[in-house]
Amino acid sequence: MGKSKVLVVGGTGHMGRRIVTASLAQGHITYVLQRPEIGLAIDKLEMLLSFKKQGARLIEGSFSDYGSLVEAVKKVDVRFLPSEFGMDAARMGNAIIPGRAIFDDKMIVRKAIEEAKIPFTYISANCFAGYFVGNLSQLILPPENILSQRQLVEIWEKLSGEKLEKVHLPGEDFLASMKDMDFAGQVHVAHFYHIFYEGCLTNFEIGEGQEEASELYPEVNYTRMDDYLKRFL
């Protein structure tokens, strides 16, 4: 397979930094968008410099500067814009405000991509397990990993030999907790409500034009939750 020219937008984020590392490891010519407004965010600057030492090419650009984005896109074949831990904005049209604002913004970007007839593939990681499963919140879609939080707790209890105390919090009480929070806290509560109370990441059938990743790559033996949790024993 030939090597691609890859652009990662958001390369210093939790998911983006892993995409950059994987792209470099596979030998792709990898560009990382560097925002001018990154300023004195030392940790991000150090990460960008570490990418550069590994062979990445830093290119200055910003969503607020259309021309810079056009120039960045012209250099590459493949573009990654990782965000929201993979929550599918197209399924979140009825999301609670203020959490909905993020999804509405992402749909504006999607619409622009589609209207410009840019080839695209949207990958929804559904709050990938490595980020959440350590606190017994398992949210991803591969068939053998579609588990409720209660089921995940039961797996942990069997592995650890311990019984955990369980407290049920009604949905309306959970939403009420956002009352005195700042904007970021309210967004998190709104998102978690849809994830944990509505099951928005797994309560649908994959439709036409969509594929479940484990079926696309059957040769990949993805990690099952009981195996992943053994790491914490």
Side-chain angles (χ1 to χ4, degrees), residues 1-4 6-11 13-28 30 76-93 95 102-103 106-107 109-110 113-114 118-160 191-233:
M1 180 182 296
K3 301 304 180 183
S4 298
V6 175
L7 170 67
V8 183
V9 180
H14 186 88
M15 188 185 298
R17 71 187 71 170
R18 289 161 172 80
I19 292 175
V20 172
T21 301
S23 179
L24 289 169
Q26 293 180 23
H28 298 298
T30 305
V76 301
D77 312 308
V78 182
R79 291 157 290 278
F80 285 101
L81 295 88
S83 62
E84 278 77 68
F85 307 109
M87 293 180 74
D88 187 354
R91 298 184 185 278
M92 303 304 295
I102 291 177
F103 302 117
K106 297 305 176 186
M107 289 308 296
V109 175
R110 287 195 185 190
I113 289 172
E114 292 165 12
I118 297 171
F120 63 86
T121 300
Y122 298 128
I123 302 173
S124 296
N126 290 344
C127 299
F128 46 95
Y131 190 85
F132 283 96
V133 76
N135 63 0
L136 298 180
S137 305
Q138 200 296 116
L139 312 160
I140 60 178
L141 195 59
E144 293 185 40
N145 282 345
I146 300 177
L147 304 169
S148 68
Q149 189 171 33
R150 183 176 294 277
Q151 288 173 313
L152 192 67
V153 168
E154 289 174 355
I155 292 174
W156 174 251
E157 289 177 333
K158 289 179 181 178
L159 290 172
S160 67
H191 287 181
F192 289 145
Y193 176 81
H194 294 300
I195 291 168
F196 290 108
Y197 288 88
E198 295 182 347
C200 69
L201 301 181
T202 57
N203 64 357
F204 56 87
E205 296 294 329
I206 295 177
E208 184 178 353
Q210 303 174 339
E211 296 286 349
E212 207 290 307
S214 63
E215 295 184 5
L216 278 177
Y217 305 100
E219 72 280 7
V220 176
N221 184 25
Y222 64 85
T223 304
R224 276 63 173 176
M225 286 302 101
D226 52 350
D227 288 331
Y228 191 90
L229 284 173
K230 289 176 184 176
R231 304 179 187 185
F232 299 93
L233 293 173

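Just so you know, residue 1 is the first one in the sequence shown, and it goes up from there.
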Within 6.0 angstrom of Glu205 CD, more than 12 heavy atoms from elsewhere: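 Atom CD in Glu205 is not packed in, count stays at 12 or less.
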Quick check on Phe204: does its CZ atom have over 12 non-hydrogen neighbours (other residues, nucleotides or ligands) under 6.0 Å away?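 Result for CZ/Phe204: enclosed.
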Check: [X] side chain, [Y] main-chain N or O, donor-acceptor pair, under 3.5 Å:
X	Y	result
Asp77	Val6	no
His28	Ser4	yes
Arg224	Tyr222	yes

Could you pull out the closest heavy-atom pair between [X] and [Y], with the gap in Å?
X	Y	value
Gln149	Ser137	NE2-OG, 3.6 Å
Pro143	Glu212	CD-OE1, 3.7 Å
Ile206	Glu211	CG2-N, 3.9 Å
Gln210	Arg91	OE1-NH2, 3.1 Å
Arg17	His14	CG-O, 3.7 Å

Any non-hydrogen side-chain atom of [X] less than 4.5 Å from a side-chain atom of [Y]?
X	Y	value
Leu152	Leu229	yes
Leu233	Ser160	yes
Cys200	Met87	yes
Val78	Leu7	no
Leu147	Ile155	yes

Charged N-O contact under 4.0 Å between Lys106 and Asp88: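 Between Asp88 and Lys106 there is no salt bridge, as every charged N stays at least 4.0 Å from the carboxylate O atoms.
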Go through it in stages, so that I can follow the logic: the residues are His191 and Phe103, the test is ring-ring contact (aromatic ring centres under 6.0 Å, His included), and I'd like the CA-CA distance, side-chain angles, deciding distance and then a yes or no. CA-CA 10 Å; His191 287 181; Phe103 302 117; 4.9 Å; yes
Report the residues that fulfil side-chain hydrogen bond (donor to acceptor under 3.5 Å, both in side chains) with Glu154, sequence neighbours left out, ordered by chain and then residue number.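 Glu154: no side-chain hydrogen bond (donor to acceptor under 3.5 Å, both in side chains) contacts found.
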Suppose we screen for side chain to side chain contact (heavy atoms under 4.5 Å, CB included). Which residues come up paired with Tyr197, at least two apart in sequence or across chains?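 For Tyr197, the residues satisfying side chain to side chain contact (heavy atoms under 4.5 Å, CB included) (neighbours in sequence not counted) are Leu169, Phe174, Tyr193.
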Result of checking Glu157, Gln151, Arg150 against Val153 for side chain to side chain contact (heavy atoms under 4.5 Å, CB included):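 Only one option passes, and that is Glu157.
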Spacing of OG1 belonging to Thr202 relative to CG belonging to Asn145, to within rounding of 0.5 Å: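 So the OG1 of Thr202 and the CG of Asn145 are separated by 11.5 Å.
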Euclidean distance, Asn203 CG relative to Ile146 CD1, rounded to 0.5 Å: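 Spacing of CD1 (Ile146) from CG (Asn203) equals 10.5 Å.
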